[in-house]
2 protein chains.
Amino acid sequence: MPEFLTLLPPLEALNHLLKNLEHPRPALEWVATAEALGRVTVRAVPAPEALPPFTRSSVDGYAVQAADTHGASDSLPVYLKIVGEVAMGAAPDFSLQAGQAAVIHTGGMLPEGADAVVMLETTQPARGDEVEVLKAVAAGENLLVAGEDVTPGQEVIPAGRRLRAAEIGGLMALGVLEVAVAKPPCIGILSSGDEVIPPHDTPKPGQVRDINSYSLSAVVLHSGGAPVRLGVVPDQPQALRRAAEEALATCDALVITAGSSASARDLTATVVDGLGKPGVLVHGVSVRPGKPTILAVCDGKPVIGLPGNPVSALVIAGLFVRPVIERLLGLDRPPFLAALQARLTINLASQAGREDWIPVQLFRSDEGYLAEPIFFKSNLIFSLVQADGLVRIPPEANGLALGETIEVVLLQ
Amino acid sequence: MPEFLTLLPPLEALNHLLKNLEHPRPALEWVATAEALGRVTVRAVPAPEALPPFTRSSVDGYAVQAADTHGASDSLPVYLKIVGEVAMGAAPDFSLQAGQAAVIHTGGMLPEGADAVVMLETTQPARGDEVEVLKAVAAGENLLVAGEDVTPGQEVIPAGRRLRAAEIGGLMALGVLEVAVAKPPCIGILSSGDEVIPPHDTPKPGQVRDINSYSLSAVVLHSGGAPVRLGVVPDQPQALRRAAEEALATCDALVITAGSSASARDLTATVVDGLGKPGVLVHGVSVRPGKPTILAVCDGKPVIGLPGNPVSALVIAGLFVRPVIERLLGLDRPPFLAALQARLTINLASQAGREDWIPVQLFRSDEGYLAEPIFFKSNLIFSLVQADGLVRIPPEANGLALGETIEVVLLQ
């Protein structure tokens, strides 16, 4: 399992991994729609009823029979007899005949016999119980027709859709108070490295605290997964294998951050390859940072070996861990990535044939955003704390030029 | 309090509101750093110690005294005596003299006496306990020096910063296990309208279910606030006033969705204006949808009156509710808005002098994203469910042209 025999481009590597995952069947749970923000549907939701449930006025004015208003104008108004007012929240207790009008407010229920609403602004009070109509309306004008938004039985939300504010509101409008969503997939996270200790311990000389378990938990959570931190294991094959097997027995996927030496990384790859079939699919990706990435599927479960350097681990988690969680959630399409257009403040060189991701700080200027690259070392986590986003240098480029407009993917 | 006397542009209206809010003092709570994703710091965090805590190798190779390697090349290698191997996670139990080298792994602690590391790739095994160095290194080369990432006492995270994966990781690296963050501001949400009923009730003819309380709760939650749904009040001044006063007694801000008729909106404005000083600041914004928006500060607390139409309410919540919550959280700078560049698939007309927000569906094409406007009515919530984002037509434009590259703000 030595690394770097063939380096796949990141997107190809991801597709190779996803291709080897069976069609995911996310576990289902019912949650209150009001609490379902960000959750992903596992079944299409049909509308149990029509929306709006009755024909409503979309303006303040007068319910009328449109035919009565034909030819109405400022100079030749039509006079209609006001026979009532539609109370909000109730069915009108009258119906409309030819030559009649009824006061109606926005959202009010159209009385029987009426087929349009004249806007208040195109009317004028007349003597007695009459109103002057100054402009003709067509049948259906200024109405929201029953079922115009949604008809009964219509699929209003497909399976695999992440619920946003609009979906929550729409489901409540239909009285759909509970919704079947994917249980957050359980993502086991293991850190390895003889030098790594839990953050609540005080490092002795030569020791450092575990960063990756926590930063990766945040990525998992943000992507809709349930992180399970499994602690730190030493760089010993038996210990790593035992911990990984235990993780896969209960979790839906496993993320391991390898020790940072080449021998520790090879150890991780060997252990991962023995966890199940088909085993390691990709060992080495043409990306910087993150070349020593390991992608595997072991008996149906994805296993991702991330570089131990904390900056590399976070960048690579965005490229591989996030899409794997989205696949496990059953998302019906990849989400649109939050990104900004910005102009680069310096020239950036890169090696052709390799995809580079460079952390940048963003500044607002009169001509839009400026992106200032941060010179980082992939083992210094605070270089990423400085960054607002990442810029991708595509493999076919030799770099990016000062002043060039580039896309900055926001860090979450 | 009649609406629309002067229509302010949205940004001006927002600034007017924020100017009237005193400097926020968010309530503080301590939370476990590992659980603090998305929370906002209320105090700057200083580093309690250096990072890295000791000088480490950044490569696999040999720790050396750089002076020993001067002049080393493939044809004229330097021979050094291997005196030991640095174990990961421990201080070396030896120090290095001139003419000596020690095996070291990435992340290993530099032994005393050494001042650089030679990469494994530029060495060759030699006879006995010697190594051939094929390339000179300078002092400091291939090292992460103690304190290079962070020095003790350095402010590593300012007050008012939202914690992302990188910050969580960085704080754990420093052993900062708890962090002082802003308590989510309590945002009361009131729906008004005689026709509006709670979603768990079955609407009678003329009645519709409450949408806005739920869609706006989602916006509040997504922005970092704590939504408190206060239910539906009828369009009666006393009832609305009592409910609003009770809300302001316990909440940090109040959002009211007005009934959709002009009289209901005027009633809301009058009630809001009586809740405290200075009262209503803005009544009417030059934006579509959302013209009848009310912005107020009542005895130090922001009160926002949103249009009752669910699409308008959601669009306007993004323009006003979100930034108000960010202000209450004490964010040190406005967040960068997630947006995409896309090409418009049709011409879009608009009225100059007014800012328009148009829902669009996004499609991927070989030349990037395409944005297809959705013809919506602001009272049909499912027209927003269809949308991936919103396109802004600026007030100075008469519209946007087919093929034009535009910014699409993603809906959350």
Side-chain angles (χ1 to χ4, degrees), chain A residues 34 37 52-54 58 60 88-91 105-107 109 144 148-150 156 164-170 172-173 175 177 194-195 199-200 203 205-209 211 214-215 218-219 221-222 260-262 310 314 336 338-341 362 377 379-382 384-385 388 410-412, chain B residues 34 37 52-54 58 60 88-91 105-107 109 144 148-150 156 164-170 172-173 175 177 194-195 199-200 203 205-209 211 214-215 218-219 221-222 260-262 310 314 336 338-341 362 377 379-382 384-385 388 410-412:
Chain A
L37 179 66
F54 51 88
S58 63
D60 293 337
M88 293 303 289
H105 307 281
T106 308
M109 182 172 178
L144 301 172
E148 186 175 342
D149 200 0
V150 158
V156 287
R164 306 164 303 168
E167 280 84 7
I168 305 279
M172 296 311 273
L177 305 182
D194 291 333
E195 75 281 23
H200 48 268
Q207 297 183 327
V208 293
R209 292 194 182 88
I211 297 177
Y214 299 88
S215 57
V219 172
L221 205 59
H222 197 269
S260 37
S261 70
L314 260 178
F336 299 105
L340 277 183
Q341 303 287 309
L362 286 169
K377 293 186 174 174
N379 12 37
L380 302 185
I381 181 68
F382 279 96
L384 210 49
V385 168
D388 297 307
L410 295 175
L411 279 166
Q412 310 282 346
Chain B
L37 180 67
F54 51 88
S58 64
D60 294 336
M88 292 303 289
H105 307 281
T106 307
M109 182 172 180
L144 301 171
E148 185 175 342
D149 199 2
V150 158
V156 287
R164 306 164 302 169
E167 280 83 6
I168 305 279
M172 296 311 273
L177 304 182
D194 291 333
E195 76 281 24
H200 47 268
Q207 297 183 326
V208 292
R209 293 195 181 87
I211 297 177
Y214 299 89
S215 57
V219 172
L221 206 59
H222 197 268
S260 38
S261 71
L314 261 179
F336 299 105
L340 277 183
Q341 304 288 308
L362 286 169
K377 293 187 175 176
N379 12 38
L380 303 184
I381 181 68
F382 279 96
L384 211 49
V385 169
D388 296 307
L410 295 176
L411 280 166
Q412 308 282 346

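Below, chains carry the letters A, B, ... as their sequence lines are ordered, and counting in each starts from 1. Keep in mind the model is a prediction, meaning the values are calculated, not measured.
Nearest heavy atom pair, residue B/Gly169 against residue A/Ile381, reads C-CG1, 4.3 Å. A/Phe382 approaches B/Val150 most closely through the heavy-atom pair CD1-CG2, 3.4 Å. For the residue pair A/Arg209 and B/Met172, the shortest heavy atom distance occurs at CD-O, 3.3 Å.
B/Leu362 touches chain A through backbone and side chain together, each having a heavy atom under 4.5 Å away. With a 4.5 Å cut-off on non-hydrogen atoms, B/Asp60 touches chain A through its side chain but not through its backbone. Contacts of A/Met109 with chain B are made by side-chain atoms alone, with heavy-atom separations under 4.5 Å and no backbone atom involved. Of the atoms belonging to A/Pro310, not a single heavy atom falls under 4.5 Å from chain B. When heavy atoms are compared at a cutoff of 4.5 Å, A/Leu314 approaches chain B solely by way of its side chain, counted from C-beta outward. Heavy atoms of B/Leu37 lying under 4.5 Å from chain A belong exclusively to its side chain. With a threshold of 4.5 angstrom between heavy atoms, B/Phe54 approaches chain A through side-chain atoms but not through N, CA, C or O. Only the side chain of B/Leu177 comes within contact range of chain A, with at least one heavy atom under 4.5 Å from a heavy atom of that chain. When heavy atoms are compared at a cutoff of 4.5 Å, A/Gln412 approaches chain B solely by way of its backbone atoms N, CA, C and O. For a residue to count as touching a neighbouring chain, one of its non-hydrogen atoms must lie under 4.5 Å from one of that chain's; by this rule A/Val156 touches chain B with backbone and side chain alike.
With respect to chain A, the highest number of heavy-atom pairs below 4.5 Å among B/Ala90, B/Ala165, B/Ala218, B/Gly175 belongs to B/Ala165. Heavy-atom pairs under 4.5 Å with chain B were tallied for A/Pro205, A/Ser58, A/Pro53, A/Ala34; the largest tally goes to A/Pro205. Per-residue heavy-atom pair counts under 4.5 Å with chain B were compared for A/Pro203, A/Gly107, A/Ala339, and the maximum is reached by A/Ala339. Your options are A/Leu380, A/Thr106, A/Ile211, and the one with the most heavy-atom pairs under 4.5 Å with chain B is A/Leu380. Most heavy-atom pairs under 4.5 Å with chain B, from the set A/His222, A/Gln207, A/His200, A/His105: that is A/Gln207.
Counting only heavy atoms from C-beta outward, the side chains of B/Val385 and A/Glu167 approach each other to under 4.5 Å. Within the 4.5 Å cutoff, side-chain heavy atoms of A/Arg164 are placed close to those of B/Leu411. The closest side-chain heavy-atom distance from A/Val208 to B/Pro52 is not below 4.5 Å.
Of the possible polar contacts, none joining the A/Asn379 side chain to the B/Leu144 backbone as a donor-acceptor pair under 3.5 Å is found.
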